[in-house]
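Positions are given from 1 along the sequence.
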Amino acid sequence: MDLTAAERKATYEEIKKYVAKHNDGMKVSSLNIAQVKAKCGIIERENYNLPKSGNAKQPQCPKEKEDAIVEALKYYQMI
């Protein structure tokens with residue numbers, strides 16, 4: 001039986017729990033997950049909370065966290 005697109009989506013909380021369980025308690029933020037999803041081409045909706053200045057800086061997701069999130073996204077068949 002095939003899964004629908006809605007059944008395949010994991011919530012940010014589910015992704016955080018998966019990463020923590022399979023990576024010795026590693027904690028990832030919602031920002032980290034959003035950055036990895038954007039890199040993978042998963043765009044959910046437009047963000048209306050944009051910075052007022054053009055040169056606003058965001059911390060980038062470290063490589064080890066990115067790898068753990070990608071693993072979780074593959075587990076949930078989102079990529």
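- Across Glu66, Gln60, Glu64, a single residue satisfies side chain to side chain contact (heavy atoms under 4.5 Å, CB included) together with Pro62, and that is Glu64.
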Tyr12 vs Lys37, side-chain contact (heavy atoms from CB on, under 4.5 Å): CA-CA, chis, key distance, verdict: CA-CA 11 Å; Tyr12 280 40; Lys37 287 174 80 174; 3.6 Å; yes
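- Remark: Lys65 pairs with no residue by the side chain to side chain donor-acceptor pair (under 3.5 Å) rule, at least two apart or across chains.
- With sequence neighbours left out, the salt bridge (Lys or Arg N to Asp or Glu O under 4.0 Å) criterion links Lys63 to Asp67.
- Of the inter-residue distances, the one linking Ile42 atom CD1 with Met78 atom CE reads 5.0 Å to the nearest 0.5 angstrom.
- Annotation: salt bridge (Lys or Arg N to Asp or Glu O under 4.0 Å) contacts of Glu13 (sequence neighbours excluded): Lys16.
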Check: residues 18-28 side-chain donor-acceptor pairs under 3.5 Å, at least two apart:
unit_1 : atom_1 : unit_2 : atom_2 : d
Tyr18  : OH     : Glu71  : OE2    : 3.4
His22  : ND1    : Tyr18  : O      : 3.0
Asn23  : ND2    : Val19  : O      : 3.1

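- Checked against side-chain contact (heavy atoms from CB on, under 4.5 Å), Lys74 has the following partners two or more places apart in sequence or in another chain: Val70, Ile79.
- One finds the OH atom of Tyr75 at 12.5 Å from the CD1 atom of Ile15 (value rounded to the nearest 0.5 Å).
- Here the CD1-SG distance, from Ile69 to Cys61, works out to 4.5 Å after rounding to the nearest 0.5 Å.
- For Gln35, the side chain to side chain donor-acceptor pair (under 3.5 Å) criterion is met by no residue, not counting sequence neighbours.
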